[in-house]
Amino acid sequence: MRQIVWLCCCVLLLSVVSPAYATNAVFPERPQITERNLEENEKTVVIVTVKGTVDDAVAEVMAVLPSSKVRKTFNCLYNGFSLELEKGDLDVLKNVQSVERVDQVAQYEANLDGSVPFIGGDHVRGMFSRDGERLTGKGVKVAVIDTGIDYRHPDLQANYKGGYDVVDYDHDPMETQSTQGVPTLHGTHVAGIIAANGQVKGVAPEADIYAYRALGPGGQGTTEQVIEAIEKAVADGVDVLNLSLGNTVNGPDWPTSVALDKAVEEGVVAVTSNGNSGPKMWTVGSPGTSTKAISVGASAPPIKTPYATVFGDDAELTLFPMGGTMPWALKRDFPLVDGGLGTEEDLDELEVEGSVLLVKRGLIPFTEKAHNAKKAGAKAMIIYNNLPGAFVGVVEGGVKLPVVSVTKEDGEYLLDKLEEAHKELTIRTIYREEEDFIAPFSSRGPVTQTWEVKPDLVAPGVSIDSTVPRGYLALNGTSMSAPHVAGAAALVKQAHPDWSPEQIKAALMNSAKKLTSPEGERYLPHEQGAGRLQVDDALELKTLVYPGAVTFGKWTKEDPREKREVTFTIENHDNLPRTYHITPPFEAPDGLQWDVPFATTLKPGEKREVKLQLDMLPSVLAEGIHHGDILIEGGRETITVPYVFFIEEPNYPRLMAFNFGQGDTADTYRYELYLPGGAEEFGIVIYDPDTFEFVTFLDSKEDIGRGMVEGTLTDVDLEDGVYKALVYAVNDGQEDTIEAWVTIGEELPPRSQGLE
């Protein structure tokens with residue numbers, strides 16, 4: 001079993017929502033550890049980062065571990081190789097002199113008409129490059145690292161210039177077809193947002209599209225494939241990379257994040273989605289944690305948002321559209337019926353005809369639920385989450401039925417109202433014109449360990465119409481947000497072909513529009529980064545400032561008074577001299593002082609590094625995250641740079657990305673999870689699913705380092721069935737837990753495929 005990760009849209013697998021919030025059950029006190037169960041003989045695959053040359057390191061490792069097998073070598077962006085070996089040999093591998101670090105291989109999934117004009121795309125059509133050509137992305141090479149693309153689509157075929165398939169190892173990066181496994185459409189949708197040029201117009205409709213198929217049937221791929229695709233794209237000389245994919249690991253040193261950093265150092269603009277595991281902090285996943293890439297969250301373009309209301313109650317429940325279904329356009333009241341899990345057996349016992357069906361997520365795929373509801377005569381269907389918060393989803397193949405999703409909390413509210421009304425309840429839909437709110441599913445930062453602001457900015461990712469094989473479809477997700485930024489980067493690259501990735505990133509961040517919540521409060525830096533993409537303003541900027549967001553890291557209250565310094569580069573692209581002033585927040589709390597240069601005068605075309613210091617006495621500041629804006633004034637535009645810092649150890653999750661499943665041999669089980677800061681102690685405790693009585697420890701460890709933890713279990717002394725697991729980790733005085741269901745014996749296919 002390998003870690004399940006996401007394509008950042010609703011096309012697939014919404015089981016990617018962290019299981020850390022699976023139920024609200026109250027567990028008894030965690031018992032003391034009484035047993036351990038470890039297995040070291042099973043094979044595993046790891047990514048090895050090396051010192052010196054890869055060939056020398058491979059030779060040294062093979063001399064020490066001759067039974068291991070080198071799978072792939074990476075010499076371009078990632079200095080290392082992938083290796084298959086026995087788990088018991090991992091410690092030997094880590095002690096080889098030329099080995100710098102070892103990471104487990106993870107698995108990746110493929111978790112316009114309104115949005116392009118909204119970000120200034122129509123205005124761009126009237127702008128010209130220095131050579132007098134319209135800014136359309138012409139001549140700029142954009143790589144789509146994804147599920148492949150349907151290069152025969154009439155809106156894409158003129159832009160498609162080639163690529164590679166690292167799944168099948170050929171030069172045909174076509175989407176997975178139904179004869180090859182679970183078909184895909186994600187990469188085609190992403191490519192259309194970037195550069196469709198037909199019925200749909202992308203952000204950069206004349207950019208060259210290169211497709212690199214790193215995710216195969218069902219949108220599944222591995223760390224090896226993603227890194228290999230990045231290396232091939234860079235070797236092919238692309239200008240911009242788009243990766244609308246990722247995992248749930250909030251770690252800056254994950255291999256895919258490191259590979260993107262290296263790609264940027266090679267002169268390539270790298271754009272990646274931030275993830276769909278919001279709205280909580282710390283939910284950004286790799287490669288969105290890459291320092292040098294542009295990580296993108298999801299905001300809403302102008303849309304008509306439906307809200308469900310119940311007679312006699314003021315509550316308005318947001319209805320989130322699901323891809324592949326009819327628009328929600330109900331204009332009168334309809335009875336609401338509790339449809340359980342939406343199975344045929346559930347609906348056979350109900351009067352569903354002409355009603356709105358309320359069903360719970362889980363057990364069977366969304367597609368099956370939708371077709372069951374349609375067959376039963378439902379007017380529409382609402383699917384509520386089985387984990388706290390919102391989610392995005394899609395009905396594969398489409399269905400002629402309005403289907404929406406709601407949060408777990410809103411779904412349970414409707415169930416309570418049904419019970420109060422003795423099973424007779426009607427709901428009404430009201431509609432509100434809305435825009436520029438952060439999508440609830442959009443993952444938030446900051447990044448663990450580096451404490452960096454992520455996302456870097458946000459872009460439209462709600463109800464985005466684009467190309468799919470043999471047609472068009474509206475989808476939701478940060479997968480849809482990232483290609484808006486990749487297309488914008490192509491336009492900036494065409495306008496300024498000599499600009500570096502750092503300058504292009506600065507232009508997009510410096511010009512972003514600051515967003516406020518529906519309650520009128522400014523979204524925080526870890527929610528919106530620098531703001532929402534505004535590509536026409538990016539192209540008209542006369543001042544660049546980078547980095548576009550900064551962190552001053554972490555302090556403890558015991559730390560002495562200390563100054564920490566950041567360096568800004570300011571560039572004057574105006575045709576006259578400019579005098580710039582750096583203005584930090586005027587209302588600094590006690591214990592905080594800013595030291596800034598008096599003024600910086602730059603001639604046209606000149607740039608200069610300037611330093612800003614934060615002088616702090618941590619003991620008098622409140623614990624938690626502190627944030628604000630630093631202004632760079634004096635140019636035609638005032639540039640706003642968000643900043644963050646922490647007092648005391650932040651409350652990031654001590655563990656994340658837990659997965660459990662059957663091993664590669666009979667009667668074995670495997671698990672994995674990620675520890676962002678390591679742990680003094682971690683364990684997996686099993687409880688009876690009905691009584692929550694303690695049963696046993698599956699595993700436990702002490703003093704584990706930061707990174708991915710993987711274990712293999714044999715001779716599990718449990719009867720076949722589904723159990724409740726409490727996974728815990730303790731570090732720096734904080735204990736966090738993940739609640740999850742684990743299956744001993746035969747797996748449940750729909751849940752194991754993640755298509756619920």
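Since the structure is predicted, the reported quantities are computational estimates derived from the model, not experimental observations.
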> Strictly distance-based, threshold 3.5 Å: is any side-chain N or O of Asn250 a donor or acceptor partner for the main-chain N or O of Pro446?
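Side chain of Asn250 to backbone of Pro446, a donor-acceptor pair under 3.5 Å: yes, one is there.
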> Identify whether the distance between the nearest side-chain nitrogen and carboxylate oxygen of Arg213 and Asp146 falls below 4.0 Å.
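Salt bridge between Arg213 and Asp146, a charged N being under 4.0 Å from a carboxylate O: no.
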> May I ask you to check whether His573 and Trp499 place their ring centres under 6.0 Å from each other?
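Yes; His573 has its ring centre under 6.0 Å from that of Trp499.
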> Does a donor on one side chain sit under 3.5 Å from an acceptor on the other, for Thr291 and Glu452?
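On atom types as modelled, these side chains qualify, holding a pair under 3.5 Å.
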> Taking atom types as modelled, find out whether Ser479 and His186 have a side-chain donor-acceptor pair closer than 3.5 angstrom.
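Yes, a side-chain donor-acceptor pair sits under 3.5 Å.
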> With a 4.5 Å heavy-atom cut-off, do Gln177 and Thr184 have their side chains touching?
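Heavy-atom side-chain distance check fails, nothing below 4.5 Å.
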> Looking at Val284, is its backbone amide N or carbonyl O close enough to the side chain of Asn274 to form a donor-acceptor pair, meaning the two atoms are under 3.5 Å apart?
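Side chain of Asn274 to backbone of Val284: no pair is present.
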> Are the charged groups of Glu606 and Arg608 less than 4.0 angstrom apart, N to O?
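Judged by the 4.0 Å cut-off on N to carboxylate O distance, Glu606 and Arg608 do form a salt bridge.
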> What are the two closest heavy atoms between Thr543 and Val545, and how far apart are they?
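Heavy atoms only, the tightest pair is CG2-CG2, 4.1 Å.
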> Below 4.5 Å, heavy atoms only, C-beta onward: do Val234 and Asp236 meet side chain to side chain?
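A side-chain contact under 4.5 Å is absent here.
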> For Phe81 and Arg71: C-alpha separation, side-chain torsions, deciding distance, then whether side chain to side chain contact (heavy atoms under 4.5 Å, CB included) applies.
CA-CA 7 Å; Phe81 59 95; Arg71 291 163 57 95; over 6 Å; no
> Fit a plane to each ring of Tyr151 and Tyr160, take the angle between them on a 0 to 90° scale, and name the class: parallel (under 30°), tilted (30 to 60°) or perpendicular (over 60°).
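Parallel: the ring planes of Tyr151 and Tyr160 meet at under 30°.
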> Please tell me whether Glu175 and Thr147 have a donor and an acceptor in their side chains that are separated by less than 3.5 angstrom.
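There is such a pair between these side chains.
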> Is a donor from one side chain sitting under 3.5 angstrom from an acceptor on the other, for Lys611 and Thr567?
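Thr567 and Lys611 do have a side-chain donor-acceptor pair below 3.5 Å.
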> Consider side chain to side chain contact (heavy atoms under 4.5 Å, CB included). Of Thr188, Leu185, Asn159, which one does Ile149 pass it with?
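The option that passes is Thr188.
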> Is the backbone N or O of Gly297 less than 3.5 Å from a side-chain atom of Ser481, with the two atoms forming a donor-acceptor pair by type?
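Yes, because the side chain of Ser481 sits within donor-acceptor range (under 3.5 Å) of the backbone of Gly297.
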> Return the CD to CG distance between Glu571 and Leu544, rounded to the nearest 0.5 Å.
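Rounded to the nearest 0.5 Å, the CD-CG separation comes out at 5.0 Å.
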> Would you please test Tyr472 and Val200 for side chain to side chain contact (heavy atoms under 4.5 Å, CB included) and show each step?
CA-CA 9 Å; Tyr472 307 88; Val200 169; 3.5 Å; yes
> Quick one: do Lys514 and Asp629 make a salt bridge, cutoff under 4.0 Å?
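Salt bridge flag = no for Asp629 with Lys514.
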> Does a side chain donor of either Tyr212 or Glu228 reach within less than 3.5 Å of an acceptor in the other side chain?
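On atom types as modelled, these side chains do not qualify, holding no pair under 3.5 Å.
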> Are Lys201 and Asp155 within salt-bridge range, i.e. N to O under 4.0 Å?
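A salt bridge is absent here (no side-chain N lies under 4.0 Å from a carboxylate O).
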> Strictly by modelled atom types, are Glu224 and Ser82 linked by a side-chain donor-acceptor pair under 3.5 Å?
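The answer is yes; a qualifying pair exists.
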> Please check this pair: side chain of Thr478 against backbone of Gly275, looking for a donor-acceptor N/O pair closer than 3.5 Å.
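It does hold such a pair.
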> Would you name the heavy atoms of Asp239 and Gly139 that are closest together and state the gap between them?
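Minimum heavy-atom contact is OD2-O, 4.1 Å.
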> Compare every heavy atom of Val166 with every heavy atom of Ala214, then report the nearest pair and how far apart it is.
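So the minimum-distance heavy-atom pair works out to CA-CG2, 3.6 Å.
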> Any ion pair linking Lys292 and Glu265 (charged N to carboxylate O, less than 4.0 Å)?
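Looking at Glu265 and Lys292, the cut-off is met.
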> Would you please say whether a donor-acceptor pair under 3.5 Å links the side chains of Asn242 and Ser244?
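Judged by distance alone, the side chains do pair up.
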> Within the distance-only criterion (no hydrogens, no angle test), does the side chain of Lys603 pair as donor or acceptor with the backbone N or O of Arg578 below 3.5 angstrom?
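No.
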> To the nearest 0.5 Å, tell me how far Thr256 OG1 sits from Ile227 CD1.
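These two atoms lie 6.5 Å from each other.
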> Is there a donor-acceptor pair closer than 3.5 Å between any side-chain N or O of Asn276 and the backbone N or O of Ser442?
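Side chain of Asn276 to backbone of Ser442, a donor-acceptor pair under 3.5 Å: no, none is there.
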> Looking at Asp253, is its backbone amide N or carbonyl O close enough to the side chain of Ser257 to form a donor-acceptor pair, meaning the two atoms are under 3.5 Å apart?
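Absent.
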> Does some side-chain heavy atom of Val296 sit less than 4.5 Å from a side-chain heavy atom of Asp456?
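Not in contact.
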> Taking only Lys NZ, Arg NE, NH1 and NH2, and the carboxylate oxygens of Asp or Glu, determine whether Asp498 and Arg130 approach each other closer than 4.0 Å.
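Looking at Asp498 and Arg130, the cut-off is met.
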> Should Arg636 and Glu540 be marked as a side chain to side chain contact (heavy atoms under 4.5 Å, CB included) after you check the CA-CA gap, both sets of side-chain angles, and the distance that decides it?
CA-CA 10 Å; Arg636 291 194 191 183; Glu540 293 178 329; over 6 Å; no
> Does the Lys NZ or Arg CZ of Lys161 fall within the cation-pi geometry relative to Tyr210 - under 6.0 Å from the ring centre and within 45° of the axis?
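Geometry flag: not set, cation outside 6.0 Å or 45°.
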> Decide yes or no for Ile504 and Lys493: does some side-chain heavy atom of the first lie under 4.5 Å from some side-chain heavy atom of the second?
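Yes, side chains in contact.
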> Taking all non-hydrogen atoms of both residues into account, name the closest pair between Ala474 and Ser463 and its distance.
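Heavy atoms of Ala474 and Ser463 come nearest at CB-C, 4.3 Å.
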> Could you grab the distance from atom CD of Glu609 to atom OG1 of Thr600, nearest 0.5 Å is fine?
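Taking CD in Glu609 and OG1 in Thr600, the distance rounds to 11.5 Å.
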> Looking at side-chain heavy atoms only, is the closest gap between Val550 and Phe568 below 4.5 Å?
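Contact flag for Val550/Phe568 side chains = yes.
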> Is the closest side-chain heavy-atom distance between Ser299 and Leu515 below 4.5 Å?
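Answer yes - side chains close enough.
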> Do Glu435 and Phe118 have side chains that get closer than 4.5 Å, going by heavy atoms?
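Touching, per the 4.5 Å side-chain cut-off.
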> Restricting to non-hydrogen atoms, name the atom on His484 and the atom on Ala459 that form the minimum distance, rounded to 0.1 Å.
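Minimum heavy-atom contact is CB-CB, 4.0 Å.
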> Side chains of Tyr643 and Thr551: is there a donor and an acceptor less than 3.5 Å apart?
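There is no such pair between these side chains.
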> Are the side chain of Ser466 and the backbone N or O of Ile193 linked by a donor-acceptor pair below 3.5 Å?
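It does hold such a pair.
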> Has the side chain of Asp131 got a donor or acceptor atom that lies under 3.5 Å from a matching backbone atom of Glu133?
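No: the side chain of Asp131 does not pair with the backbone of Glu133.
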> Just checking, any donor-acceptor pair under 3.5 angstrom between side chains of Gln534 and Asp536?
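Yes, side-chain donor-acceptor contact under 3.5 Å.
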> Checking side chain to side chain contact (heavy atoms under 4.5 Å, CB included) for the pair Thr448/Trp282: CA distance, chi angles, key distance, verdict?
CA-CA 7 Å; Thr448 61; Trp282 309 107; 4.0 Å; yes
> If I take atom CG from residue Leu260 and atom CD1 from residue Ile294, how far apart are they, to the nearest 0.5 angstrom?
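If we round to the nearest 0.5 Å, Leu260:CG and Ile294:CD1 are 11.0 Å apart.
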> Between the main-chain N or O of Leu491 and the side-chain N or O of Gln494, is there a donor-acceptor pair closer than 3.5 Å?
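Side chain of Gln494 to backbone of Leu491, a donor-acceptor pair under 3.5 Å: no, none is there.
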> Would you say Val238 and Val240 make side-chain contact, with heavy atoms under 4.5 Å?
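No, too far: nothing below the 4.5 Å cut-off.
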> Find the distance between CG (Leu539) and CG (Leu135) and round it off to the nearest 0.5 Å.
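The CG atom of Leu135 is 5.5 Å from CG of Leu539, to the nearest 0.5 Å.
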> Could you grab the distance from atom CE of Met127 to atom NE2 of His123, nearest 0.5 Å is fine?
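Taking CE in Met127 and NE2 in His123, the distance rounds to 4.0 Å.
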> Is it true that Thr272 and Ser295 share a donor-acceptor pair across their side chains at a distance under 3.5 Å?
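No pair is found: no donor N or O on one side chain lies under 3.5 Å from an acceptor on the other.
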> Ignoring hydrogens, what is the shortest heavy-atom contact between Val453 and Ala549? Give both atom names and the distance.
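The pair with the smallest heavy-atom distance is CB-CB, 4.0 Å.
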